[in-house]
Amino acid sequence: MNQQHETCIEACNDCADACDMCAAACLHEEDVKMMSRCIALDIDCAQLCRVAAAMMARGSEAAKLVCEACAALCDMCAEECGKHQMQHCQECAAACRRCAEECRRMLAA
């Protein structure tokens, strides 16, 4: 496994953790219904990031395909989380942007 994969795996795992924390925190917000799309995208993004990290770690031939989808989903999640001013949403948006960037860098390698 090359250094690029290690960096991307780390970004995917960090993003998954940030998304899980964001979803959990969103459930404690006063207007949970307003946060429903954020929560749903957080859950989806965390799941796909973990799959992408596992596939890269295994050296799967399908890793690039999954990382392409991961980058797109991270973009969606970052956009949604970025709309909310809560610290957990802003931290999640930043982690998603970094993950999308690392996935795209891995795709280009």
Minimum-distance pair of heavy atoms, taken over all atoms of A63 and M106: O-CE, 4.2 Å
Minimal non-hydrogen separation, I9 against A53, with atom names: CG1-O, 3.8 Å
Flag side-chain contact, heavy atom, 4.5 Å: D17 against R50: yes
Test: E102 and R105 ion pair at under 4.0 Å: yes
Candidate pair C49 and C19, rule side-chain contact (heavy atoms from CB on, under 4.5 Å), full reasoning: CA-CA 10 Å; C49 284; C19 286; 5.8 Å; no
Closest heavy-atom pair and its distance - R104, A72: NH2-N, 4.2 Å
Output a table of donor-acceptor pairs, distance under 3.5 Å, between side-chain atoms of residues 33-46 and any protein atom two or more places apart or on a different chain; print 'none' if there are none.
residue, atom, partner, partner atom, Å
S36, OG, K33, O, 3.0
R37, NH1, E80, OE1, 2.9
D42, OD2, A23, N, 3.2

Point-to-point distance, once rounded to the nearest 0.5 Å, from CE of M21 to SG of C26: 12.5 Å
Interatomic distance, T7 atom OG1 to E101 atom CD [nearest 0.5 angstrom]: 11.0 Å
Side-chain ion pair, K64 and E68, N-O less than 4.0 Å: no
Between CE on residue M55 and CZ on residue R58, distance to nearest 0.5 Å: 6.0 Å
Residues C15, C74; criterion side-chain contact (heavy atoms from CB on, under 4.5 Å); working and verdict: CA-CA 8 Å; C15 186; C74 283; 3.9 Å; yes
Same apolar cluster: V51 and M56, side chain cutoff 4.5 Å: no
Common cluster, L48/M76, ILVMFWY with side-chain heavy-atom separation under 4.5 Å: yes
Residues 86-97, side-chain donor-acceptor partners within the protein, below 3.5 Å, at least two apart:
residue, atom, partner, partner atom, Å
Q87, NE2, E91, OE2, 2.6
H88, NE2, E29, OE2, 2.8
Q90, NE2, G82, O, 3.4
Q90, NE2, H84, O, 2.5
R97, NH1, A93, O, 3.3

